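Presented below is the structure to which this report refers.
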Amino acid sequence: MSAAVDFSLEACRERIARWQPRVNAFVRIEDRPLGGGTGPLAGLPLAHKDMFYRSGMVSNCGSKIRRGWVASETSTALERLDAAGALQIGTLNMSEFAYGPTGHNEHWGDCCNPWNPEYITGGSSSGSGAAVAARLVVGALGSDTGGSVRLPAAACGVTGLKTTWGRVSRAGAMPLSHSLDTVGPLAGSAEACARILQVIAGFDPRDPITSREPVEDYASRLNDLSGLKIATSTDWIARHADPEVASAVLAAAKTLGAAETEPPDFDTLSAHCITIMSSEASAQHAPWMRERPRDYSSAVRVRLEAGYAVPAAAYLEALRLRGTWLERFCSRTLAEADLYLLPAMIVRIPTREQTGPRGGADMPRLLAGVTHLTRWVNYLGVPALVLPCGFDSRGLPIGLQLVARPFAEAALLRAGHAFQRETDWHLRVPPEAG
Amino acid sequence: MNSWNPEAVEAILFAQGIRLAPGRAAKIAAALNASAGLADPMLADLEFEADPTSYGLAMRRCVAK
């Protein structure tokens, strides 16, 4: 899918051998790839976050608690990729139980950013972002509950699609927060994401929240930009984002001809997302939190502990308000546009040390800056695409985010493809060490 | 509204069978107090009949035509 890169199995294996010691993207590398055969993705090497179950195979979920756990079912997303002929060449590192935005992992080792290993990959689909950025695979599945596809895409300089809640089946994927969880692809371009989404999207009787909304032909209409309108909030970005981030994102807005619109209430929407996520994740983990709390990392344990103090009334209030806020976003922010443009993060990518167990006093501000512009999208349940739009003065990627109405993934991919025809940020590859 | 304190956090988790790591109650109480100060501006207009399933109907209304 990228003409400049050799994605033969042999070439990918050679790159994995060189990059794995530096970035720790893989948890397992298959001796012989799984899947394969004929179909629209025939022979394409993929690897997936270590939380998509495959019958008879181990899914560790980035944790100590599930280390060595063998799945008894195969996720619908993997079944569909297998049927399309894709190869699975391994499983990828992730944040513990997908509950962290940076890519730190004390059980399996931190996943490191291929552009500079001192910096975070973003999480929780950390291995997916790093593996795609280093061209170890063509694409990878991730999950996104509060930004977990988009943050690694932004930090690693690749393209990542957070799908509409209900567009892609979560059956056979590790749950975190059932009202927010989504599955989506990370790849080298919007075009590659479109090809993967085409295969995995659609109703699944194994996941009752999947929609019967028709699946569009994502790949064949990529060049059709007719009538697509984009809006942004220039003043908000200029006031709140790091200057280098703002400069790159506003230049992208100019390239895409974005008009002006009012920003959503990010603070309120993010707060509701946290209320729902922490309540549901803590309920999901209650048996292990009662029986073996010391087997969680400190960072994940404190997030889970906080969820038990959220009042049920606050949780239900956040869910009752969700439809009202969705309609407000579509009728106000998207009143005159199809897509809303903003940064993926308001800060430049922090280091692993700044945001890890030995992080200093600035850590809360940095973590808030990493997640401030992703969680609100999960609360609304709408789709969003992140793609690279520049590099900062340290040589690290800057991510652009586009957000759409429910089930408008095709519009996102068309805009992303148009941007990637005009720019070459997505074609840049991190330099190999030594 | 009354504010959270570490003892209240410990008690509410203890009742659910959750043992807090040392020193955590104060941090969680502070976080809860910070989020309790955020008032949703839409709450006053929320219809009495609205329930979590209203979201599904809103999603259908918001799909691009």
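So that the names make sense, note that chain A is the first sequence line, chain B the second, and so on, each numbered from 1. Bear in mind the structure is a predicted one, so any value in this text is a computation, not a measurement.
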Is the gap between the ring centers of A:Trp376 and A:Phe329 under 6.0 Å?
-> yes
Do A:Tyr379 and A:Trp165 have ring centroids that are under 6.0 Å from one another?
-> no
Proximal component of [X], with respect to chain A [non-hydrogen, under 4.5 Å]:
X       : result
B:Leu20 : both
B:Leu43 : both
B:Ala21 : both
B:Arg24 : side chain

Residue selection (most heavy-atom pairs with chain A, distance under 4.5 Å) from [options]:
options                            : answer
B:Ile18, B:Ile28, B:Val63          : B:Ile18
B:Ala15, B:Pro41, B:Ala31          : B:Pro41
B:Leu13, B:Ile12, B:Val9           : B:Leu13
B:Lys27, B:Met59, B:Arg60          : B:Met59
B:Cys62, B:Ala64, B:Ala50, B:Ala39 : B:Cys62

Residues A:Pro214 and A:Arg167: closest non-hydrogen pair is O-NH1, 3.2 Å
Under a 4.5 Å cutoff for heavy-atom pairs, which residue among [options] has the most contacts with chain B?
options                                : result
A:Ser298, A:Ala408, A:Ala271           : A:Ser298
A:Ala309, A:Gly323, A:Ala404, A:Cys330 : A:Ala309
A:Ile274, A:Val310, A:Leu321           : A:Leu321
A:Asp338, A:Leu380, A:Ile209           : A:Leu380

Would A:Arg170 and A:Asp207 pass as an ion pair if we require N to O under 4.0 Å?
-> yes
With a 4.5 Å heavy-atom cut-off, do [X] and [Y] have their side chains touching?
X        : Y        : result
A:Thr324 : A:Leu326 : no
A:Ser233 : A:Tyr340 : yes
A:Leu413 : A:His417 : no

Segment of A:Tyr308 engaging chain B (4.5 angstrom heavy-atom cut-off) = both
Heavy-atom distances under 4.5 Å only: say whether A:Glu291 touches chain B with side chain, backbone, both or neither.
-> backbone
Give a yes/no verdict on a cation-pi contact between A:Arg301 and A:Tyr296, requiring under 6.0 Å between NZ or CZ and the six-membered ring centre and an angle within 45° of the axis.
-> no
A:Glu336 and A:Thr261 side chains, donor-acceptor separation under 3.5 Å | no
With no hydrogens and no angle check, do the side chains of A:Asp295 and A:His107 hold a donor and an acceptor under 3.5 Å apart?
-> no
